[in-house]
Amino acid sequence: PAALQREVGTAADEAARLQSKARALDPALGRTQRFSFVLGVLVLMVLFNGLRLIWPQLYTWPWALAAASVVFLGGFFALSRAHRALLSSSDLNRQLTRLVLVTTIAQVSSRTTAAVFGWTRGQALTVDLSLIALTMMVAASVFHWAFAIGALVCFAGQAVALLVPSFAEPVYAVTTLASVLGAGAALRRWGQRAAVVEGSPPRG
């Protein structure tokens, strides 16, 4: 009957749409290249945190932290351009990129405020930990629970920085790296489980 044919056609179209959406969010898709991209972000983080800890005189200028975030943003754009094929391959990869982008822009805003009000580096970085934690909490609520691990790490680091302000800078460096590594490890296991469920090896 014509009515049944229309229902079957509608159901087939919906199944195809959901299949396309599932593939776009498949954590196993581009997993190897995504690891390379995240590794590049970690290298940038280590570089900037290392410079601040090893050569603190580079950050005596009140606007140094805000300027560093802008430079980091430039490095992130360069890294994204080098991985543009990966980032355009799935919605998941694009969402991860936007998360880093939003967090960095929030840091630029926060550090600009710190420079205007004359906050110390420790105070500015302590507020940064709160911003990163909140961003990850939002990501955990709308994206994947793995980001809650990073948020908890940042909240813990913020608590330590508030209790011992003199340790704020090294605590920030350790906490931000630990939060990204913790969330990344959980996401990596998610991708491995997805590949097993599909019955095929993880796709690179």
Side-chain angles (χ1 to χ4, degrees), residues 18 21-31 33-35 37-46 48-49 65-66 68-77 79-80 83-84 86-114 117 119 122-162 168 171-194:
L18 292 175
K21 184 176 181 180
R23 178 171 175 78
L25 295 173
D26 183 1
L29 184 64
R31 193 164 63 90
Q33 291 91 338
R34 187 163 58 245
F35 174 77
F37 176 72
V38 173
L39 182 62
V41 174
L42 286 172
V43 169
L44 286 175
M45 292 175 65
V46 169
F48 280 83
N49 283 319
L65 284 177
S69 289
V70 173
V71 175
F72 180 92
L73 195 59
F76 178 73
F77 276 126
L79 187 65
S80 300
H83 291 79
R84 58 186 178 277
L86 163 70
L87 301 181
S88 63
S89 65
S90 74
D91 288 345
L92 175 63
N93 294 331
R94 285 189 290 270
Q95 288 171 356
L96 288 173
T97 305
R98 292 186 192 118
L99 177 65
V100 178
L101 180 62
V102 167
T103 303
T104 306
I105 292 174
Q107 280 188 315
V108 173
S109 176
S110 172
R111 293 176 175 187
T112 298
T113 302
F117 287 124
W119 296 353
Q123 290 171 331
L125 294 175
T126 301
V127 173
D128 274 359
L129 287 175
S130 178
L131 282 175
I132 296 170
L134 291 173
T135 303
M136 287 195 167
M137 286 296 288
V138 172
S141 65
V142 301
F143 182 54
H144 192 269
W145 63 264
F147 288 100
I149 297 174
L152 291 175
V153 172
C154 285
F155 279 132
Q158 184 189 20
V160 174
L162 289 171
V171 165
Y172 175 87
V174 172
T175 300
T176 50
L177 288 173
S179 65
V180 173
L181 288 172
L187 286 170
R188 186 172 177 79
R189 291 194 63 182
W190 175 36
Q192 291 172 339
R193 287 197 301 270

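Remember, predicted model here, so these are calculated numbers, not experimental data. Index from 1, following the sequence.
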Nearest heavy atoms of Ala148 and Ala140, plus distance in Å: N-CB, 3.5 Å
Result for side-chain contact (heavy atoms from CB on, under 4.5 Å) between Arg111 and one of Val70, Val127, Leu131, Leu65 points to Leu65
Could you tell me the separation between the OG1 atom of Thr135 and the CZ atom of Phe147, rounded to the nearest 0.5 Å? 11.0 Å
For Ser179 and Gly150, the nearest pair of non-hydrogen atoms, with its separation, is CB-O, 3.4 Å
Gap between atom CG of Asn49 and atom OG1 of Thr176 - 0.5 Å precision: 4.5 Å
What one should report as the nearest heavy-atom pair of Ala133 and Ala151 is O-CB, 3.5 Å
Less than 4.5 Å apart, side chain to side chain, heavy atoms only: is that true for Leu134 and Phe155? yes
Under 4.5 Å between any side-chain heavy atoms of Leu181 and Val153, yes or no? no
Do Thr126 and Trp119 have side chains that get closer than 4.5 Å, going by heavy atoms? no
Does any non-hydrogen side-chain atom of Leu99 lie less than 4.5 Å from one of Met136? no
Any chance you could measure Leu125, atom CG, to Thr175, atom OG1, to the nearest 0.5 Å? 10.5 Å
Closest contact, heavy atoms only, Val108 versus Ser69: CG2-CB, 3.5 Å
Supply the atom-to-atom distance Gln123 CD to Leu162 CG, rounded to the nearest 0.5 angstrom. 10.0 Å
Crowding at CE, Met137 (>12 non-hydrogen neighbours, <6.0 Å): no
Of all the heavy-atom pairs spanning Cys154 and Ile132, show the shortest one and how long it is. SG-CG2, 3.6 Å
Would you indicate whether the side-chain heavy atoms of Thr97 and Phe76 approach each other to under 4.5 Å? yes
Heavy-atom pair with the smallest gap, counting every atom of Tyr172 and Gln107: OH-NE2, 2.7 Å
